[in-house]
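Let me begin by presenting the structure, written as structure tokens, before commenting on it.
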Amino acid sequence: MANAPTPNKAKKQGSSSGSNLFASLAIIICFILGYIVWKYIMGDPSHFEGGDPELGQPLPGDYFGMVYKAGLVVPVLLGLLTMTIVFSFERFFVISKASGKGNVDEFVTRIQGFLATGNIDAAIAECDKQKGSVANVIRTGLVKYKEASADTRVNPEQASIAIEKEIEEATALEMPMLEKNMTVIATLVSIGTLTGLLGTVTGMIKAFAALATGGAPDQAQLANGISEALVNTATGIFTSTIAVVMYNVFTSKIDKLTYSIDEAGYSIVQTYASTHNN
């Protein structure tokens with residue numbers, strides 16, 4: 001039994017490596033996609049006067065042309081925005097899978113009901129039916145409960161500690177995957193704003209450069225500079241807003257799953273202690 005957790009650890013390490021590879025590839029692809037969208041879609045000649053993206057001005061009311069003229073910071077911001085969306089979807093699917101097939105609160109309530117009646121086999125079957133990280137952790141504790149109950153030589157106090165330890169080890173294997181890539185989303189909250197601010201500064205530099213010319217200000221360059229500043233500011237704020245909302249939503253969901261595991265684990269340990277210490 002001492003070597004039983006090894007396959008699970010190997011499986012989790014393999015999943016972690018796969019997740020790291022996904023994150024690395026996703027970041028690179030998102031930046032490439034951001035550049036392609038900026039250069040070939042927003043920079044399409046049809047959006048500019050005279051069909052010249054470099055020298056021509058954007059057509060009146062053409063937002064793609066306006067965004068293209070906002071400069072080289074835009075593809076970076078588009079890459080960050082794409083990353084926010086991609087990693088949000090990735091975390092949504094991972095956390096949904098960890099929750100299992102049914103409602104987690106109702107699942108924990110059913111497990112507690114089976115524990116109250118001493119029907120451990122039914123509780124284990126319910127975990128097999130629910131699936132997901134929460135069910136896997138609880139199932140581990142129930143299996144240990146069943147093994148300890150079958151061994152009449154075991155000390156009840158030591159068995160309770162062993163059950164609690166088994167649940168903690170299973171949690172340590174399952175739960176870290178839920179927090180994987182959350183640091184990416186958290187980082188995007190700050191990077192989105194800072195990159196947008198960088199674009200704001202470069203745009204204002206161009207605007208003041210237009211005002212500094214001798215004679216009448218270069219109206220086109222002044223307009224482009226102000227437009228660049230505003231577009232980059234708006235895109236950066238929009239990216240950071242989505243990132244902070246998604247981060248808070250996923251953090252709340254992870255906390256809820258952790259609480260469900262703690263609640264069910266406490267019920268398993270307390271039920272064993274109350275039924276075997278008499």
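Computed from heavy atoms alone, side chains included, the values below leave out hydrogens, waters and symmetry copies. Only a predicted model underlies this, so the values are computations on that prediction, with no experimental measurement involved.
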Asp121 vs Lys146, side chain to side chain contact (heavy atoms under 4.5 Å, CB included): CA-CA, chis, key distance, verdict: CA-CA 8 Å; Asp121 289 333; Lys146 187 176 179 180; 2.6 Å; yes
Minimum heavy-atom distance between Thr82 and Cys30, given as atom pair plus value: CG2-SG, 3.7 Å
Would a hydrophobic clustering, with Ile, Leu, Val, Met, Phe, Trp and Tyr connected at side-chain separations under 4.5 Å, put Val74 with Val76? no
Is there a side-chain contact between Phe64 and Asp44, using heavy atoms and a 4.5 Å cut-off? no
Positive for side-chain contact (heavy atoms from CB on, under 4.5 Å) with Thr171, one of Thr140, Thr258, Ile261, Asp262: Ile261
Over all heavy atoms of both residues, which pair between Val86 and Ala26 is shortest? Give the atoms and the distance, please. CG1-CB, 4.4 Å
Hydrophobic clusters here meaning ILVMFWY residues chained together by side-chain heavy-atom distances under 4.5 Å, can you tell me if Leu80 and Leu197 are in one? no
With side chain to side chain contact (heavy atoms under 4.5 Å, CB included) as the test, would you mind laying out the steps for Ile254 and Met182 before giving the verdict? CA-CA 11 Å; Ile254 292 172; Met182 287 294 290; 4.3 Å; yes
Minimum heavy-atom separation for Glu49 and Pro60, please, with both atom names. OE2-CD, 4.5 Å
Residues Ala98 and Leu257: closest non-hydrogen pair is CB-CD1, 4.2 Å
Apply side chain to side chain contact (heavy atoms under 4.5 Å, CB included) to the pair Leu198 and Asn232, showing each step before the final yes or no. CA-CA 8 Å; Leu198 175 62; Asn232 285 314; over 6 Å; no
Verify, without hydrogens or angle tests, whether Thr117 (side chain) and Phe114 (backbone) share a donor-acceptor contact under 3.5 angstrom. yes
As an exercise, state the distance from CD1 of Ile32 to CG of Leu25, rounded to the nearest 0.5 Å. 10.0 Å
Any donor and acceptor pair, going by atom type alone, linking the side chain of Ser252 with main-chain N or O of Asn248 inside 3.5 Å? no
Surrounding CZ of Phe31 (heavy atoms of other residues, nucleotides or ligands, distance under 6.0 Å), is the total greater than 12? yes
Closer than 3.5 angstrom, by distance alone: can the side chain of Ser240 be matched with the main-chain N or O of Ile237 as a donor-acceptor pair? no
Is Val184 linked to Ile191 within one hydrophobic cluster, defined over Ile, Leu, Val, Met, Phe, Trp and Tyr using a side-chain heavy-atom separation of less than 4.5 Å? yes
With under 30° as parallel and over 60° as perpendicular, where do the rings of Trp38 and Tyr68 fit, or are they tilted in between? parallel
Consider only side-chain heavy atoms of I, L, V, M, F, W and Y, link residues closer than 4.5 Å, and tell whether Leu188 and Phe92 are in one cluster. yes
Between the OG1 atom in Thr239 and the CE atom in Met83, the distance rounded to the nearest 0.5 Å is 10.5 Å
Would Ile167 and Val137 count as a side chain to side chain contact (heavy atoms under 4.5 Å, CB included) if you check the C-alpha gap in whole Å, the side-chain angles of each, and the deciding distance to 0.1 Å? CA-CA 6 Å; Ile167 293 173; Val137 173; 3.9 Å; yes
For a 4.5 angstrom cut-off between non-hydrogen side-chain atoms, does Cys127 reach Asn136? no
Among Leu77, Thr200, Thr193, which residue meets the side-chain contact (heavy atoms from CB on, under 4.5 Å) test with Thr233? Thr200
Taking C-beta and beyond as the side chain, do Ile27 and Phe87 meet within less than 4.5 Å on heavy atoms? yes
Ser267 vs Ile111 side-chain heavy atoms within contact, under 4.5 Å: no
Under 3.5 Å: donor-acceptor pair, side chain of Arg91, backbone of Lys180: yes
Any chance you could measure Leu72, atom CG, to Lys39, atom NZ, to the nearest 0.5 Å? 8.5 Å
Phe107: what forms a ring pair (Phe, Tyr, Trp, His ring centres under 6.0 Å) with it, not counting sequence neighbours? none
To the nearest 0.5 Å, what is the distance between CD on Gln57 and CG on Asp62? 12.0 Å
Could you identify which residues cluster with Leu55, counting Ile, Leu, Val, Met, Phe, Trp and Tyr as linked when any side-chain heavy atoms lie under 4.5 Å apart, either directly or through a chain of such contacts? none
CG of Asp128 to CD of Glu126: how many Å apart, nearest 0.5 Å? 9.5 Å
Residues Tyr272 and Ala159: closest non-hydrogen pair is OH-CB, 3.2 Å
Give me the atom names and distance for the closest heavy-atom approach of Thr183 to Thr187. O-OG1, 2.6 Å
Give, for atom CD of Glu179 and atom CZ of Phe250, the distance between the pair rounded to the nearest 0.5 Å. 13.5 Å
By salt bridge (Lys or Arg N to Asp or Glu O under 4.0 Å), which residues pair with Lys206, not counting sequence neighbours? Glu228
Within the side chain of Lys69, is there an N or O that forms a donor-acceptor pair under 3.5 Å with the backbone of Pro53? yes
Linking I/L/V/M/F/W/Y whenever any side-chain heavy atoms sit under 4.5 Å apart, do Val189 and Val245 land together? yes
Are the side chain of Gln130 and the backbone N or O of Ser99 linked by a donor-acceptor pair below 3.5 Å? yes
What I'd like to find out is whether the side chain of Ile120 reaches to under 4.5 Å of the side chain of Leu115, using heavy atoms alone. yes
May I ask you to decide if Ala223's main-chain N or O and Ser227's side chain share a donor-acceptor pair within less than 3.5 Å? no
Measure the shortest side-chain to side-chain distance between Leu178 and Met175 over non-hydrogen atoms and say whether it is less than 4.5 angstrom. yes
For His47 and Met66, indicate whether the former's side chain and the latter's backbone hold a donor-acceptor pair under 3.5 Å. no
How about Thr84 and Ile185: do any of their side-chain heavy atoms sit closer than 4.5 Å? no
